[in-house]
Amino acid sequence: MALTLEDIDFGDVSPAHLIDVARTRGHVVFDLETSGLDCHHDRIEGIAFYVPEGKDNDALRAWYPFVPKTMQMFVQPDETPEEQAARLKHERTKSPDDYDAYMALKQVATLHDFRPAMPQAETMEALRPLFEDSPRTVVVAANAKFDIGFMRYASGCERGFWDWEKDLSVVDKLEAWWKLTDEKPADYKPWEGCILADSMLADFLCDENFHAYGLKRRVRELFDHEMTTYLDVAKRRKQGYFGFMADDVQALGHYAMEDVYWTWRLYENRMCRLDDLTPGEPITTGTDVVTALGKLSRLRPSHFDPSRAMGNLERLFWGIDMPLCVILEEMESTGVLIDHRWLRKVTAQLEEKKEKILDEIEQILGYTINPNSAPQVSTILFAPPPTGLGLSTKYVAQTGTGMFSTGSKEIGHLKRAHPVVEKILDWRSCDTVQGNFSIKLTHLASEAPDGRIHSGFNQTGTKIYRLSSSNPINMQNQPRDKNLIRKAFCAYLEGMPEDMLLFGCDYSQIELRVAAHLSGDLGMIEVYNMVGGCKAAGGEPCERFKLWVCEDCDHKWTPALFDVPNGSHKCPKCDSNEHTEHQKRCRHVDLHQRTAEDVGVPRNPLAKNANFGLLYRMASPRFCQYADLYDEKGEPRIDYADELIKGWFAAYPAIEPFHWKTEEALKKSGWVAYTIAGRQRRLSAERWKNEYRTITQAIQFQVSGSAQDILKIAMKRIFKEIKWHLQRASRAMRKLWAKVRFLIQVHDEVILEAPAVLKDEVMEIINRQMQGAAKLRVPLVADCKFGRSWDHVH
DNA sequence: GTGTCGCGCGCC
DNA sequence: AAATGGCGCGCGACAC
């Protein structure tokens, strides 16, 4: 039986009416109920709406169920604060008067009949204008990324929502909107069919200590209201608490209605909170966070005072977080193509290596062990003979459970003491790469119908506003130096047309540049502003910092680069030909990679961690561990490390004052730290645990958090420009531009894929937007490369 | 068998 | 007194 919209009695909640009211009032909440979490396989079971009340206290709710067995639907109004207060009072006193008072306030549920289910495609199609043609209406979701994914792939419509390639009508409309507003192309917002908002992201901006808590928990915390969810009911029913329970679908509708209502309450509350935290004061950060957003003041929800400028946190919300949410959804649904045939080889290779190492361990010890078992390894290494090897525990930390740690950082120095140590560490590393990455990726890729892995990027996963990645895998910790795994992340497989390429672009030392910017360290600023940078290759000293001293008149000067051949210089003062050559500390950008030769220590391990660790106040013992600074007897060279650290801080004299200033600022602000763009980290609770640590966290937050701001802005700008090209291109070219996609973000690096024919344009866009994402006191440098696999692009 | 925790590893 | 920070995942060990 075919059912059309006309056959259904919606009462006052027909899609057309809903859209009408939503547009008039400016806000609407929606929430999809789905059969699962995977938008590629699961379906939408229904969609719920809540339009907040207008003048007459007449909120509008609608629940459109798409489940075939749907019979009927309750519309249960949510408990008002008065109602709740009355109920709680009655529960406390049990007095009849209080009961009457409660009943007088209690709202009654209404019942709607829908049989059979509503036609999904038609309903969604009728709702489309709300999402695609309501440029002044704020459409709120509780987790927008999730809902967008389902609307893109599981709407049931021929043309999904948020689909840039097929959705040419939206593109054309934007073209018109542009002309109207006379804006520069780079500033247009391609997703402006409606104004998308996310209560969870607003909440996160208000309080980053909120992590992955759901709506339920936040409603409890903020409103002292205990929501019941559908899952909750299903679970309780399974446990046998309910002898008889209403039909699943009824429950689903009921709780969908509750969800949208509380999503609104949360959203409204959090937007006001954002406004309270940073009330309408324009900021001048030197970044473009604000500049492109002046026009967004019209997006302010109506309950705000329109005469005031938008506050800083609210700007971040509309200008970065919401756009990023759309980008992340596209990344997730695009996924990354994985070469599992290559990975099978890697797995086998690692297996062989592991077996060999295990054999060697058995030969050394005389018995075999499981290197993955921390207690076992700890006993073998540290127990006195004959049980174990009785190695020194002098520089080995103990774990929380009192056992001696066996982490690679803790026992790394013991490889001098006994050959088995290195074997164990080696085996564990191989095992991690094999199990955690190679095997896992192989499974996922060969099971995926499209051969791609769709991992999640979580916007609320960290307290410093970095992204995190998970489910099914963490894209951000794929092994780099083994050079095996990243080869499998590719643009095409063997036998496929080689028409796509991977593009990788990473910022050069962005955290140090941010540190230079924030601290104002003149030395740092100088080297980062050097055009061309360090000319030293392969470890020889950097020419830029050669210092010549005239042996006759003691004049000191630095020889110009690319000058006359070595030795033929004359002293500029006295014309003497005799000079001695000194090496000034090379303070080039890449210094931290070269600190080794700079200060004359073995290059390798020190190079990686020096700047990073010292910026965040690493102390000498730990520095020895990381840099592998030990003497012949296996003792850490603490004094030497102290010297290096002192030298480092002398080379960058503004860093320590930067640390002090951070501390002062924390005390002044009530233990709130800020990034360049004004994101906040509230550390007052942390402070009571350990003040020193808290200050360190604040330092790191300022630096890493600001770097994140910059990369997020860059992503937004790249995305915008790509969609702008999509919009302008000829029909044939649109197909190509639509295939330019973000795939991965790793804190200072982004990976995209794009058709090979667009190589030059795409490279140019990425480079330019990355470098132009912020104006610091030092230039931003980004380097875009392309290739077949992730291994090739960095 | 299932769930939680600590540990150890990968990344920035 | 001494002190780098931020993530996610798989395994072993242990409790139920």
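In the text below, chain A, chain B and the rest are named by the order of the sequence lines, each starting its count at 1.
Following rounding to the nearest Å, A:I744 (CD1) and B:dC11 (P) show an atom-to-atom distance of 14 Å. Atom-to-atom, CD of A:Q478 to P of C:dG8 comes out at 14 Å; the value is rounded to the nearest Å. B:dG10 atom C1' lies 12 Å from atom CZ of A:F489, rounded to whole Å. We find that CD of A:Q376 is positioned 16 Å from C1' of C:dC14, with the value rounded to whole Å. Put simply, CD1 on A:I695 is 17 Å from P on C:dA2, counting in whole angstrom units. Counting to the nearest Å, the C1' atom of C:dG6 and the CZ atom of A:R679 are 15 Å from each other. Atom P of nucleotide C:dG5 and atom CD of A:Q708 are separated by 18 Å, given to the nearest angstrom. What separates CD of A:Q476 from P of C:dG5 is a distance of 20 Å, to the nearest Å.
At the phosphate of C:dG6, neither OP1 nor OP2 sits under 4.0 Å from any side-chain N or O atom of A:S468. Contact check, A:R681 against C:dG6: a side-chain N or O comes under 4.0 Å of OP1 or OP2. For A:T432, no side-chain nitrogen or oxygen approaches OP1 or OP2 of C:dC9 to under 4.0 Å. In terms of phosphate contacts, A:S429 brings no side-chain nitrogen or oxygen within less than 4.0 Å of OP1 or OP2 of B:dC9. At B:dC9, one or more side-chain N or O atoms of A:S408 fall inside 4.0 Å of OP1 or OP2 (strictly under the cut-off). Within the structure, every side-chain polar atom (N or O) of A:R693 is placed at least 4.0 Å from both OP1 and OP2 of C:dT4. Between A:K440 and C:dG10 there is a side-chain polar atom (N or O) within less than 4.0 angstrom of OP1 or OP2. An OP1 or OP2 oxygen of B:dC9 is reached within less than 4.0 angstrom by a side-chain nitrogen or oxygen of A:R428.
If you check B:dC12, C:dG5, B:dC7 against the side chain of A:T399, the one that comes closest is B:dC7. When the nucleotides C:dG8, B:dG8, C:dT4 are ranked by their closest atom to the side chain of A:A374, B:dG8 comes out on top. Ranking C:dG12, C:dA3, C:dG6 by closeness to the A:N370 side chain, first place goes to C:dG12. Among the nucleotides C:dG6, B:dC7, C:dA13, the one closest to any side-chain atom of A:P375 is C:dA13. For A:R480, taking side-chain heavy atoms from C-beta onward, the closest of the listed nucleotides C:dG10, C:dT4, B:dC11 is B:dC11. Side-chain atoms of A:T401 lie closest to B:dC7 of the nucleotides C:dC7, B:dC7, B:dC12. With distances taken from any side-chain atom of A:T696 to the nucleotides B:dG10, C:dG6, C:dT4, the minimum falls on C:dT4.
Here the NE2-CD distance, from A:H40 to A:E332, works out to 9.0 Å after rounding to the nearest 0.5 Å. A distance of 11.5 Å separates CG in A:L743 from OG in A:S455, rounded to the nearest 0.5 Å.
Nearest approach of A:Y465 to A:K712, heavy atoms of both residues: O-NZ, 2.7 Å. Looking at every heavy atom in both residues, A:I710 comes nearest to A:A774 through CG1-CB, 3.8 Å. Scanning all heavy atoms of the two residues, the minimum distance from A:T462 to A:F204 falls at O-CZ, 3.0 Å.
If you check every strand for non-hydrogen atoms under 4.0 Å, A:R466 touches a base. Across all strands shown, A:G407 has heavy atoms under 4.0 Å from sugar-phosphate atoms exclusively, and none from any base. Using a 4.0 Å heavy-atom distance criterion, A:S704 is classed as making no nucleic acid contact. Here A:N690 lies in heavy-atom contact (under 4.0 Å) with a base.
In this structure, A:Y692 does not pack face-to-face on the six-membered ring of C:dA2, missing the 5.5 Å centre cutoff or the 30° plane limit.
A 4.5 Å side-chain heavy-atom check between A:I411 and A:F404 finds every atom pair outside the cut-off.
Side-chain contact, A:S438 with A:T347: a donor N or O sits under 3.5 Å from an acceptor N or O.
For C:dG8, the base has no donor-acceptor partner in the side chain of A:N474 [N/O atoms by modelled type, under 3.5 angstrom].
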